[in-house]
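Here is the structure we will look at.
Only a predicted model underlies this, so the values are computations on that prediction, with no experimental measurement involved.
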Amino acid sequence: MKPVNVGIIGFGTVGAGTVELLLANKEIITNRTGTDIIIKKIADLDIESDRGVSVDRSLMTTNAMDVINDPDIDVIVELIGGLTKAREVVTGALKNKKHVVTANKALLAEYGKELYETAFNNGVSLSFEASVCGAVPIIGALKNGLAPNRISVIKGILNGTSNYILTRMTKEGLTYDQVVQKAVEMGFAEDPPTLDVNGTDTVHKLTILISLLLGYPVALQSIYREGIVNLTPDDIRFADEFGYRVKLLAVARQRDNGIEARVHPAMIPKDSILARVDDEFNAIYLEGDFVGPSLFYGLGAGRRPTASAVVSDIMGIARAMRLGYRGFMPPLSHFSLQKEVAIHSMKDLHSAYYFRFSAFDSPGVLSMIAGILGEHDISISSVIQKGREQNSSVPIVMLTHEAREKNVIEAVSKINRLDIVSGPTVMVRVEED
Ligand code: HSE
């Protein structure tokens, strides 16, 4: 049986993990694909550093084009990350009729449309299990196990770095800055972890998931994004008093005339499944019309978990080649173009809200704030006001019943302009089960 030859472009953490796994579990992998998978070439700008795996020097090159243009290579694994070079590498490989495996969520979220089309038009596979939540096999599940279902809702904790930060803020009462500093020192977080904490990484992943659900590449810009940087230990403590945990949540929900697609911090009931997903773990909760509720949980990053997802994609291609398939699934696993579905404007969202107002503690303040909320059809369900400090502000914390986001934005902007208010209001959406 002819082996399947693989070229790896990008020999960093995940590239080295991929080589390690292909070597360490060779027997299992060969048994489960029915063919040998051979590493034919590895490209990286740095071919000197030790990656903790033994690789024949003759396989290494500093030129990615050597890999893409090698006629013996069947599968290109793109692990360089970033956009410009990765786009060039993936497009070049697909046009050379090589199957591509990538972990690059930013690339797919930005340039998915052209890359999916290039793969399909060239009759090759573009696989990306590792792009969303590393080892959690959600891409395969949506393409295969869950394929016959209408999925009505997806709620996910898709970023391990933010989840780690929020968990430590919750459990240790630390500030955002204190946790980030510790996480960077321990090597858990990038320095600074901007794309993780501002919600961009989560939006990339949600873009890919929604594209798979709908069968066409949705525009990344259509997904609302808000990060975790403005949350304080106070907010997390008040959430706890109200019975909630704070998580950076990705939500996609089918509505009658479109879908909601949003990424933002959310308060979720303490006893909900997602509230118990802590530290660097990722989880995706979804509901399908026939499967009902399902939960996917695991590690979303790191050398070995991400390598596992990359190698599973290589194995899928190797199996298909072994069986002599003449065609490959379109990357989004839909054969006909779907009609585009409207993504709701956030202004039309209906949600309950948490507010923390910073206001001077004097007579009439509470009624002034409550009055503005009332004028905007926002009904209060609970209030906490603690502490009294002369000439300084105190937090006034409220939970609301369900309200329209457009009204909330207007009310908060009016409240922020009051003289009795000393700083911007913190607003967090409450996501009940
Ligand atoms: N940086 C991401 C995270 C993993 O913290 O989950 C890669 O997307």
Between [Y] and [X], is there a salt bridge with N-O shorter than 4.0 Å?
X: Arg57; Y: Glu48; answer: yes
X: Lys85; Y: Glu88; answer: yes
X: Glu110; Y: Arg87; answer: no
X: Lys113; Y: Glu117; answer: yes
X: Arg276; Y: Asp271; answer: no
X: Lys171; Y: Asp278; answer: yes
X: Arg304; Y: Glu20; answer: yes
X: Glu405; Y: Arg262; answer: no
X: Asp348; Y: Arg404; answer: yes
X: Glu410; Y: Lys414; answer: no
X: Asp235; Y: Arg356; answer: yes
X: Asp72; Y: Lys40; answer: yes

For residues [X] and [Y], determine if any side-chain heavy atom of one lies less than 4.5 Å from a side-chain heavy atom of the other.
X: Pro330; Y: Tyr116; answer: no
X: Val6; Y: Thr18; answer: no
X: Asn257; Y: His344; answer: yes
X: Val4; Y: Thr33; answer: no
X: Thr91; Y: Leu115; answer: yes
X: Lys339; Y: Tyr216; answer: no
X: Phe128; Y: Val101; answer: no
X: Leu349; Y: Val408; answer: no

Side-chain donor or acceptor of [X] paired with backbone N/O of [Y] under 3.5 Å:
X: Asp46; Y: Ser49; value: yes
X: Asn122; Y: Thr118; value: yes
X: Asp36; Y: Pro3; value: no
X: Asn407; Y: Asp377; value: no
X: Asp289; Y: Asn149; value: no
X: Ser381; Y: Leu399; value: yes
X: Glu129; Y: Gly140; value: yes
X: Thr35; Y: Lys2; value: yes
X: Asn198; Y: Thr200; value: yes
X: Glu280; Y: Gly160; value: no

Greater than 12 external heavy atoms within 6.0 Å of [X]'s [atom1]:
X: Phe335; atom1: CZ; result: yes
X: Ile273; atom1: CD1; result: no
X: Leu45; atom1: CG; result: no
X: Lys347; atom1: NZ; result: no
X: Asn230; atom1: CG; result: no
X: Lys270; atom1: NZ; result: yes
X: Glu27; atom1: CD; result: no
X: Phe120; atom1: CZ; result: no

Once rounded to the nearest 0.5 Å, what's the spacing between atom [atom1] of [X] and atom [atom2] of [Y]?
X: Ile268; Y: Leu274; atom1: CD1; atom2: CG; value: 5.0 Å
X: Leu195; Y: Ser162; atom1: CG; atom2: OG; value: 10.5 Å
X: Gln254; Y: Glu260; atom1: CD; atom2: CD; value: 10.5 Å

[Y] and [X] side chains, donor-acceptor separation under 3.5 Å:
X: Asn63; Y: Thr61; value: no
X: Asn416; Y: Thr425; value: yes
X: Asp56; Y: Ser58; value: yes

Run the salt bridge (charged side-chain N to carboxylate O under 4.0 Å, His left out) check on Asp240 and Arg237 step by step: do they pass? CA-CA 5 Å; Asp240 186 69; Arg237 219 177 34 251; over 6 Å; no
Identify the two heavy atoms, one from [X] and one from [Y], that lie closest to each other, and give their separation to 0.1 Å.
X: Val55; Y: Leu59; value: CG1-CD1, 4.2 Å
X: Glu78; Y: Thr102; value: OE1-OG1, 2.5 Å
X: Leu94; Y: Ser125; value: CD2-O, 4.2 Å
X: Pro265; Y: Val428; value: O-CG1, 3.6 Å
X: Val246; Y: Ile236; value: CG2-CG1, 4.1 Å
X: Arg303; Y: Ala16; value: NH1-CB, 3.5 Å

Please determine whether side chain to side chain contact (heavy atoms under 4.5 Å, CB included) holds for the pair Val19 and Phe11, giving the CA-CA distance in whole Å, both sets of side-chain angles, and the decisive distance to 0.1 Å. CA-CA 9 Å; Val19 173; Phe11 198 35; 3.7 Å; yes
What do the steps show when you test Asn163 against Val277 for side chain to side chain contact (heavy atoms under 4.5 Å, CB included), and what is the final call? CA-CA 8 Å; Asn163 202 38; Val277 175; 3.9 Å; yes
Between Arg32 and Arg319, is a side chain to side chain contact (heavy atoms under 4.5 Å, CB included) present by the stated rule, with each step listed? CA-CA 8 Å; Arg32 291 181 179 166; Arg319 251 186 229 123; 4.3 Å; yes
Would you mind listing every ring pair (Phe, Tyr, Trp, His ring centres under 6.0 Å) that reaches into residues 87-114, with sequence neighbours excluded? His99-Phe328
Is the distance between the ring centroids of Tyr244 and Phe242 under 6.0 Å?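 Between Tyr244 and Phe242, which both carry aromatic rings, the centre distance is not below 6.0 Å.
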So Phe355 and Tyr353, would you call those rings parallel, tilted or perpendicular, with 30° and 60° as cut-offs?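 If you compare the ring of Phe355 with that of Tyr353, the planes turn out parallel.
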Please walk me through it: do Arg429 and Met346 pass side chain to side chain contact (heavy atoms under 4.5 Å, CB included)? CA-CA 12 Å; Arg429 298 169 191 88; Met346 276 304 273; 3.5 Å; yes
